[in-house]
Structures are given as structure tokens and as C-alpha cells.
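Since the structure comes first, as C-alpha cells, the remarks are kept for the end.
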Amino acid sequence: MTPRPSSSGPEPRKTTGKKTAGKKTAGKKTAKAAEKPVAKKAVAKEAVAKKAIAKKAVANKKGAQKTATKKTATKKSATKQAAPREAAAPPRAEAAGSPALDAGDRERLLAGTHHDPHAVLGAHRVPGGVAFRAFRPYALAVTVLSGELRVELHDDGDGFFSGLVPLSEVPLYRFLVAYEGTVQEVEDPYRFLPTLGELDLHLIGEGRHEQLWRALGAHPETHDGVAGTRFAVWAPNARGVRVAGGFNFWDGTGHPMRSLGSTGVWELFLPGVGAGELYKFEITRPDGSRTFRADPLARRTEVPPATSSVVHASDYTWGDEEWLAHRADAPAHEAPMSVYEVHLPSWRPGLTYRDLAEQLPAYVADLGFTHVELMPVAEHPFGGSWGYQVTGFYAPTARLGDPDDFKYLVDRLHRAGIGVLMDWVPAHFPRDDWALAEFDGRPLYEHSDPLRAAHPDWGTLEFDFGRREVRNFLVANAVYWCEEFHIDGLRVDAVASMLYLDYSREPGQWTPNEHGGRENLDAVAFLQEMNATLYRRVPGVVTVAEESTAWDGVTRATHHKGPSGFGGLGFGLKWNMGWMHDSLEYMGREPVHRKYHHGELTFSMVYAYSENYVLPISHDEVVHGKKSLVSKMPGDWWQQRANERAYLGYMWAHPGKQLLFMGQEFAQGAEWSEAHGPDWWLLDPEYGAAADHRGVRDLVRDLNTVYRATPALWRRDTHPSGFAWVVGDAADDDVLAFLRLDADGTPLLAVSNFAPVVRSGYRLGVPDDVPAWHEVLNTDAAHYGGGDVLNPHAVKPDAQGWHGRPASIRLTLPPLATVWLRPA
């Protein structure tokens, strides 16, 4: 192995660009790696090499051969290879041939196009004994060491060394390699059998390896008693693949990988390489050109804008056994779920994963949220993409720490009783030329049809969901995050863009499927397989679709066909984009106009039970000129806050789970920016209006507290029996009222008044089996920043029927407010 460098590797070009597409970047080779792969030979080289070898070797080649011949019979057990490459053969009559490589093998190794370097390098039985061959660019001399055996190999030029030793079988051996100024005793990578078994290769070939990350990538391990790292990568179109890294001066010439059958997998075990080493794969494309690529299954990366992969070995010990033991006690759609959406790098800028672990769980637990949802944490080159343009699908971003640090954050959230959802982006990937785009010289992860490959909106590439190995890469990735990092659920981004062949495409820019339709049948099959696999393997997990169309059966089981003839996609939950759009449109109107748009609030109940829904007020709704939640509201500052409070009360009572993006819980007035995160200074007691913002945050805390303690608000979220209108057509009053019902019929009454006036003695029909109602939450309470128009005493119904019900109550409805009442 070549001497280790003083630097960590080539300096990559910085990745810059818009959110819609990261700029292409590529790691540059160091000056050493940019040279020809073989050191120049000089007349003085032999003398320098022999002087260096003499310090460690006590016998020259002839003497070593003579010694080996005498001692072969008595030293056989000491020199026998643990797993000999070939069985001992009977004596042969053939004359010994030259051990040197033929011209074809030499040329292919030098060009990086040899598919089986292990067949020609290392030690092999040949007529006349055992041939030793080494490919050590820059070396001055190479000597074979085995027990007392010392054989200096012949310098064949161009970094090749060879020698024939009259042994009857291949021994255990090491190389003594002399470089200018140093001598190293090293293991030979080309004496080891493959590190991947037949089952791994079979599953990879079938596209069914559900723990693909355990087979491919870089894994420190001990192989045949030798510590090192095994490297494996899928590159079926490559003419050759080599490993380059800091351990070989970023020149992979001397470390070619072998192709394992027809799987397209290339493999190499490198002794002496351990955790923390930087590496890339040097791929020779079909046209003979070369490209340096990050490992698609790297579990750790350099901090962007650097682009190298990092060999990783985890030693983290989890402490969330109690959380995992009870995670599957109830399905997600029948359990309380209120979600706090977080962009980790900007929640409190400058914090690492471990810093976040000390602050985020406490903050979220104090506010009563049941889950956090993390915007994508997988590695991405451009921070302005917020993580939605992924280059390292198996690596948590190194911006905040290493993978074990991220495990620590998840662990601490679980110990605080908080579930962890994660945004997952299987729809597309950026075109950076050091990552997945045309990975081995041809379309591989992307579709071979340019019209199917190019994403029309984001300048990225779409995955080829019809290719089994690509589907395997993504399905295993979903399993990876849930099994290795204990993630409790995946929110799958941009599902609509995957499902439709004509998504954002004009006529002539797409080709119908085999049935003449617009559905992407490959994507449907992928999503079904992903969901089915994940739910089978990980008890208690939930998958959530960000899907903005009326696709039939997003949250239906995959084996149940719907009216369209498709089986369900198998998601657990779906974002209700229709509710989000309609309700925000309504809230953004001046109250005087709201009566003309009352249906924007009530229409969601027409389809509320067509899927299992999440009600999302996400990051997408508070950026790019859309304004923050409170700033969407009409009126002066008091009215804006009152509107937001009323809206949150309505949202938490509406059927479905809740999701709120960070900063909206305290009525941040400015749009979110990933550059500085939430405006925490608004809560500083020294700030004059801090009480206004603290009041909204106190409301969110109380909403979550009452919500979690009231099964009527979540137990029957997905069943029509859990909801009943009291009045949904009071458009002139800007009033909505409905009941939420537990499985045993226990009700909660939610009433929203979206007019800026007090409505005294407002009559509402109620069931006649509740003797009195008690107000448990009022968004107009003074401690939330409201006018304190309350119903402080128990409200008893009278026998006057109203709204089609046998009894009724009279309430005081505060302006721009929501009130909740439960049986007293």
C-alpha cells in the first residue's frame, strides 16, 4: 500500500446554485494523483530500493528460494494459506514459464479496465511453483514475506513486480514494499476471497436485498484475520472500477476492484484501511473516460461543499428500548399525533446534532407535540435546497455531526416521549457529476429515456422506478433509516410528481403507459413495494404521502383494489393539501367577505374520510412570498393574532392529524429563511411585544394538552362516526360548529366565530344526554393575548330543539375565536 498522505484528499469544487438544481461538482485529484499512475524508474532506483529492503530483509532472492525449497515439507503447516486460492496439484512436468503479466492484462490494469484483477495479481499456482504478482505504482521494490521466506520480486516496469517461487501450494504471505525514503510491510488485497456471499449477490441481482447497505458501500471489518475495509459498488456499465482515497494519494491505479459475475457489483477488500478514511470510486466509463464518484451507499460524508465519502463504523449504544417496545401499541391513525416540523440546521443555527439533543426534545415536549418531523437530513450539496436534492441517500448530513451524533438526537427525542418522522425524497436527485447522474457513464439510477429522466420543474433527474436494482436502492433506503436510526416514520416528498407521466409536462413531452394512460405504473409498483416492505419489517412505523391530487387509494392497503383498478399505495397517512389551500384562502380574506366563501372551510368534510389525513401548515406555506401564518391574516396586529389563534383552534379540532412548522407556534411575522431560522428574539422578555408572541405559544401548548387528553379528537379521525355537524351553513354569521366523538360517544363541541364581533347568546343544537357543558379552551383568553370574552360557567342545555337536535345551548362567541366545550 502506498504511504499515507499528509492531506485528506482532493479539494472539491464548491457546490453552488439555486434550490432547483445543485451545480455540478467534482473532486480534483492532488498533484500526485494527476501524474501518470506509475513512478519513473531511474538508474539509481535499484540501489535505493535494495538499501531500504536491507534494513528489513536478511536474505536475497536466490537465498530465499533455496531456503524455501529445503523447508517446504517441514514448514507446510506454517505457510499454508488459511483459505488457499487453489488446491495443491500433483507434480507437473511442464517447464516453468514467466510469472510476469502478459501485455493485455498489463494494459487493462493500467487503463483501469480490468474486470478481474484478483485472477492475475496476488499468488497463483503455475507450472513450476507459485507465481507472485504485485501492482504497486511508485514502488521501488517489492519483496514477498512468508515465515522465513524472503523473495524480492522482479521489477517488470510500470509498477508491476513478479516472481516465481518453487512452492507446492500458495502460502500465507505479506509484501515488503520499498518507496523512496520508506519501507512498508503490508497485506496484499489480491490474496483475499470475495467478501460478498452468493446470497447477497443473488438478492442484489433480484432487486430484493432489503438490507442493501450491509452488502454495498464501505464496511470496516476483519477478513481472514486481517483488519481492513471492504468496498462494494453497483456499476454494471463500467469497464473498470478502482478505489481512490487518502490512503493512496487519491490515485486508485493500484487498487482495481473485481466484477462479481453478472450482478454489476464490483468489490475489493483493502487491508489497513479503517473508519474515518476518505474515499471515492474511480470509474472507467464505456467510452474509456474516467470519473470520480461518491459512494451511493456511503453512510458518512465529508462536510459540504467537500464531496468525498467517509468510511464509517458505528459504535452507538441505544437507550430507547421502552419507546420501541410500545411504538406499535396503536396504529398512527387511531392515536394522537400533532407534529412540529423542523429544519434542523436553522432551528437554532450553529447547533450540532448533540447540541440539538439537549434543547429540541425539551422544547417540543414542553409544547406537547407528539412528534417532530425533520426536513430531509440525508446529505445534500446545496443548503438552499433545504435537503430536497439529495446526493447521499444513506448518510445524515455531516453539517451537524456524524451518524452516531444523529442517532443520539433521535435517541434523546424518544426518551422524551417524542416520535421522529423524517422527510424522504425518492422522487428525484440532482445532476452533480460526482454523485448519481450517469453514475457509470450511462443512465443508471435515472431513466434511459431523457423525457422520463429530466424533472421539468426542478432541473433534477427522476429515478428509473422500473429498474429492479434502482427500486431496491430506494426500498432498502427507506428500511435503512427506520432500522438503523430508529426513525418512526417517513414523509415521502413529491409523490404526485412520481405518479403521473404527464406531471408538469406538455403534450408531446411524455409517453403514455402500456394501457394508454398517464399513470406511472413503475412508480406505483415502487411505492407499493416500499410501503409493504417497511410495514412488514418495522413495527409501529408510519409512512405519510405528500400527494396533492385526487389519486384513488393513497392510504388504502396495497392488496385492496379500488374503483380505478389499482391496489392502494399503502401509505398510513396523506397530507390534506386541499384542506390547507382552502382554509388558508378563507383565513386570508377580510371578514366582511368571508360569508361569500364559507364553503372553503366546510368542503373538506365532503372528502374527509376518503383517506387518512394530516392537516399540514408546513414550511412550503411560509416561504417564497407566501408570508408567515400570522402575516397571512387580515386586519391590524391584534386581529392578525386573533385570526391565527382561531384558525389553530379550528385546525386542532378538525378530523386529521396536525402539523405546524417551526416559528408559527409563536406567531413569527417574517417568512422563514434557512439562513437564520425562527425569530427567537420575539420571545425575549426585553422585547416590548414579547407577550403577544408568548400568548400564541401558550395557546399551542394548551391545544396539545387538551387534544392529547381528549380521545374524541383523535381516536376516530378516519371514521365518519367520529364527526357530526352542528351547524355548517351559518355563512352570514361566519360561524362553524361541530361535534367530535369518541368510540363510546363522548363528545367535544368545537365552535369557531370568524367574524370580528361578539355574538352573545348564540344558540347551538346539542345532544340531549349531556347535562351541562364546560368550556375547556377559548382562543380569546387574555393569557393568549385575546379580549377575554369567555363562558366561565357551566352551560346547561334547554329542551328547545335547534339545528335538528333535541336540545340547545346559548353561548357567548368571542370575536375571531374558537371555543371548545366538553361535558361538565
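These numbers were taken from a predicted model, which means no experiment stands behind them.
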Asp295 versus Ala218, closest heavy-atom pair with distance: OD2-N, 3.7 Å
Residues Lys407, Asp405: salt bridge by 4.0 Å N-O rule: no
Main-chain N/O of Phe465 paired with Arg471 side-chain donor or acceptor, under 3.5 Å: yes
Derivation and outcome, side chain to side chain contact (heavy atoms under 4.5 Å, CB included), residues Val226 and Arg191: CA-CA 11 Å; Val226 176; Arg191 78 169 181 84; 3.5 Å; yes
Side-chain donor or acceptor of Arg133 paired with backbone N/O of Val120 under 3.5 Å: yes
Check: Glu107 and Leu109 side chains under 4.5 Å, non-hydrogen atoms: no
Sidechain N-carboxylate O distance under 4.0 Å for Asp502, Arg518: yes
Ring-ring centroid check Tyr445 Trp234, cutoff 6.0 Å: yes
Sidechain-backbone polar pair: Arg299 side chain, His312 backbone, donor-acceptor under 3.5 Å: yes
Side chain proximity check, Phe485 to Tyr480, heavy atoms < 4.5 angstrom: yes
Cation-pi check, Lys280 onto Phe292 ring (under 6.0 Å, within 45° of axis): no
N/O donor-acceptor pair under 3.5 Å between Tyr503 side chain and Met498 backbone: no
Short side-chain donor-acceptor distance under 3.5 Å, Thr301 and Glu379: yes
Side-chain donor-acceptor contact under 3.5 Å, Asp251 with Tyr138: yes
Thr195 backbone acceptor or donor facing Glu267 side chain under 3.5 Å: yes
Test item: His219 side-chain N/O and Trp213 main-chain N/O as donor-acceptor pair under 3.5 Å: yes
Heavy-atom donor-acceptor pair, Arg174 side chain to Glu185 backbone, under 3.5 Å: yes
Carboxylate-amine/guanidinium contact Arg230 Glu221, below 4.0 Å: yes
Test of ring centre spacing under 6.0 Å for Phe135 and Phe161: no
Lys/Arg-Asp/Glu bridge criterion (N-O < 4.0 Å) met for Asp158, Arg106: yes
Pairs touching residues 196-205 that satisfy salt bridge (charged side-chain N to carboxylate O under 4.0 Å, His left out), sequence neighbours left out: none
Check against side chain to side chain contact (heavy atoms under 4.5 Å, CB included), Val142 and Leu176: CA-CA 6 Å; Val142 176; Leu176 192 67; over 6 Å; no
Polar contact flag, side-chain donor to acceptor under 3.5 angstrom, Tyr173-Asp188: yes
Heavy-atom closest contact (Arg290 atom, Thr284 atom, distance): CG-OG1, 3.9 Å
Audit row: Asp423, Asp493, side chain to side chain contact (heavy atoms under 4.5 Å, CB included) steps and yes/no: CA-CA 7 Å; Asp423 279 12; Asp493 182 64; 5.6 Å; no
Nearest non-hydrogen partners of Thr253 and Arg242, listed with the distance: CA-NH1, 3.6 Å
Any donor-acceptor N or O pair under 3.5 Å, side chains Ser259, His115: no
Side chain to side chain, Leu203 and Asn472, heavy atoms closer than 4.5 Å: no
Val144 side chain near Phe175 side chain, heavy-atom distance below 4.5 Å: yes
Distance in Å, Leu499 CG paired with Asn520 CG, rounded so as to fall on 0.5 Å steps: 7.5 Å
Under 3.5 Å: donor-acceptor pair, side chain of Thr182, backbone of Tyr179: no
Pair Asp457-Ser504, side-chain hydrogen bond (donor to acceptor under 3.5 Å, both in side chains): steps then yes or no: CA-CA 7 Å; Asp457 290 340; Ser504 287; 2.8 Å; yes
Aromatic ring pairing Phe269/His223, orientation class (parallel under 30°, perpendicular over 60°, tilted between): perpendicular
Steps toward ring pair (Phe, Tyr, Trp, His ring centres under 6.0 Å) verdict (Trp386, His624): CA-CA 13 Å; Trp386 309 334; His624 299 325; 5.5 Å; yes
Point-to-point distance, once rounded to the nearest 0.5 Å, from CG of Leu461 to CG of Asp432: 10.0 Å
Gln389 and Thr460, any side-chain heavy atoms less than 4.5 Å apart: yes
Pairing of Arg208 and Glu529 as salt bridge, 4.0 angstrom limit: yes
Test: Arg442 and Glu438 ion pair at under 4.0 Å: no
Min side-chain heavy-atom separation Tyr353-Asp402 under 4.5 Å: no
Salt bridge (charged side-chain N to carboxylate O under 4.0 Å, His left out) partners of residues 472-483, not counting sequence neighbours, each pair once: Glu483-Arg537
Heavy-atom pair of closest approach, residues Gly459 and Arg431: O-NE, 3.1 Å
Non-hydrogen atoms of Ala215 and His209 that approach each other most closely: CB-NE2, 3.8 Å
Electrostatic pair Arg452:Glu462 at N-O distance under 4.0 angstrom: no
Identified ring-ring contact (aromatic ring centres under 6.0 Å, His included) partner of Tyr394 from the options Trp424, Phe473, Trp481: Phe473
Test item: side-chain donor near acceptor, Ser162 and Asp156, under 3.5 Å: yes
Glu302 versus Thr307, side-chain donor and acceptor atoms under 3.5 Å: no
Under 3.5 Å: donor-acceptor pair, side chain of His118, backbone of Leu268: no
Flag side-chain contact, heavy atom, 4.5 Å: Pro256 against Tyr190: yes
Verdict with supporting geometry, His455 and Ser497, side chain to side chain contact (heavy atoms under 4.5 Å, CB included): CA-CA 9 Å; His455 197 291; Ser497 73; 3.7 Å; yes
Centroid separation Tyr388 to Phe382 less than 6.0 Å: no
For the student: nearest non-hydrogen atoms of Arg399 and His380, plus distance: NH2-O, 2.7 Å
Heavy-atom side-chain contact between Phe526 and Leu474 under 4.5 Å: yes
